[in-house]
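Mind looking over this structure? Questions follow.
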Amino acid sequence: MAAFPFEIEATDGKARTGVLKTPRGDIRTPAFMPVGTAATVKAMTVDQVKDTGADIILGNTYHLMLRPSAERVKRLGGLHKFMRWDKPILTDSGGFQVMSLSGISKLTEEAVTFSSHVDGSKHVLTPERSIEIQADLLGSDIVMQLDECVAWPAEEARARKGMELSARWAKRSKDAFGTRDTQVLFGIQQGSTFENLRRESSERLREIGFDGYAIGGLAVGEGHQAMCEVLDYAPGFLPEDRPRYLMGVGKPIDLVEAVARGVDMFDCVLPTRSGRHGQAWTWDGPINLKNAKYAEDETPLDPDSDCPASRDYSKAYLRHLFKAEEILGQVLLSWHNIAFFQALTAAMRAAIAEGRFEQFRRDFAARHLGG
Ligand SMILES: O=c1[nH]cnc2cc3nc(NCCN4CCOCC4)[nH]c3cc12
């Protein structure tokens, strides 16, 4: 019996909308998880994040284990209490960021060893240690296995090696996690762009048994088209009655096209990171507010939004804040972008529930990419 019931309320083609029920609250799917890297969704208060409609946020194990350390977060009551977010939190395993952020790192069958990008200190991450950090010290609700994300492009032999290591680490993660009734563990499908490897990865994960399944190894430079070609088959290899989480994705068009192929959950730094740099995501596509054409544009980013950052401030004012390097610009645009990503997933949930997702998908692409 799955610890978190996943109730699919409607389907439309391969798209699904439902609710993942957790002790800390319900997660409406398709869901976008704002990234709360170092115990904060950058430049936003938890109340602003909640106001956008986000049901769950992501915490990064790599950052928190280095600073302030997982043990300190534990002593301070766990991640929810520490950052005052009382809804669900999904934590990643730390492995992906070790490979992309830390100094020298070494990967063996046993572990990933690396030096901190903060102070150069040495650290070891095994499947078991990652589970301890996520489940026992940070206290997250959804825990991710430690895996190896193979760089793209990969030869099939290299992709197989990574997929098989990740499958062995999936088993070690499950054994370390054990059975818990208020937390769940997700496995991660690997296999790069090889259909046979993705199928094999999925079969190994199903044998072990997880409460949810992530699709890893994508959004690593392959581009939208190649990602969609993998998503044409990869979600379908996973149990249809459990959540499917596409890691690190993505742009709004990526979310829509992945939902059309059966994905339920997403996370990406794009809305917050691009917001800090003056890029606003809108139904009509992304705009750069530093552009001179907004200097006296008195219209807001989205007059129909219930988010104050989208509805109440002129583009002229937002541009001024970025030109003057005022912190408020980063706050308002992060807030707007997260609100837009939540409005996008809410619109997709409604479209699927009403059986009009294909029309939504066509209309969205025409308007958002139309230029
Ligand atoms: O296989 C994976 N395993 C565990 N974590 C991951 C995280 C991942 N994140 C991305 N892509 C992130 C792409 N970002 C887009 C925005 O700019 C920063 C990079 N791909 C990912 C793959 C994995």
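Numbering of ligands and ligand atoms starts at 1, following listing order.
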In terms of residue, atom name and distance, what is the protein heavy atom nearest to atom 23 (C) of ligand 1?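 Here the nearest protein heavy atom works out to F96 CD1, 3.6 Å.
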Please tell me whether E200 and N196 have a donor and an acceptor in their side chains that are separated by less than 3.5 angstrom.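 E200 vs N196: no donor-acceptor pair found between side chains.
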Quick one: which ligand 1 atoms are inside 4.0 Å of a heavy atom on G216? 1 (O), 2 (C)
So, the side chain of S130 versus the backbone of S93: is there a donor-acceptor pair under 3.5 Å, distance only? yes
Between H320 and Y317, how do the two ring planes meet: parallel, tilted or perpendicular, split at 30° and 60°?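 H320 and Y317: tilted rings.
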Give, for atom CG of L197 and atom CD of Q190, the distance between the pair rounded to the nearest 0.5 Å.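 L197 atom CG to Q190 atom CD measures 10.5 Å (nearest 0.5 Å).
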Which one holds for R273 and ligand 1: side chain close, backbone close, both close, or neither close, with close meaning a heavy atom under 4.0 Å? side chain
Under a heavy-atom criterion of less than 4.0 Å, does V269 contact ligand 1? yes
Run the side-chain donor-acceptor check on residues 66-73: report pairs under 3.5 Å with partners two or more places apart or on a different chain.
from	atom 1	to	atom 2	distance (Å)
S69	OG	R72	N	3.1
E71	OE2	R129	NH1	3.2
E71	OE2	R129	NH2	3.0

Per-atom contacts of ligand 1 with D147, taking only distances under 4.0 Å to non-hydrogen atoms: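 So the atoms of ligand 1 that pass are 1 (O), 2 (C), 3 (N), 4 (C).
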Give me the nearest non-hydrogen protein atom to atom 1 (O) of ligand 1 as residue plus atom name, then the distance to 0.1 Å.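 Result for atom 1 (O) of ligand 1: G217 N, 2.7 Å.
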Please indicate whether any nitrogen or oxygen in A219 is less than 3.5 Å from any nitrogen or oxygen in ligand 1.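 Between A219 and ligand 1 (N or O atoms, distance only) the closest approach is under 3.5 Å.
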Between L238 and Y245, is there a side-chain heavy-atom distance shorter than 4.5 Å? no
Are any non-hydrogen protein atoms located under 4.0 Å from atom 8 (C) of ligand 1? yes
With a 4.0 Å heavy-atom cut-off (strictly under), which part of V249 contacts ligand 1: side chain, backbone, both or neither? neither
Side chain to side chain, V256 and L344, heavy atoms closer than 4.5 Å: yes
If you count the atoms of ligand 1 from 1 in the order shown, which ones are under 4.0 Å from a heavy atom of L218? 10 (C), 20 (N), 21 (C), 22 (C)
Would the distance check show the side chain of T61 and the main-chain N or O of D92 forming a donor-acceptor pair, the cut-off being under 3.5 Å?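 Indeed, once roles are kept as given, a pair shorter than 3.5 Å links the two residues.
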Hey, which atoms in ligand 1 end up nearer than 4.0 Å to a heavy atom of G248?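 Per the distance check, 9 (N), 10 (C), 11 (N), 12 (C), 13 (C).
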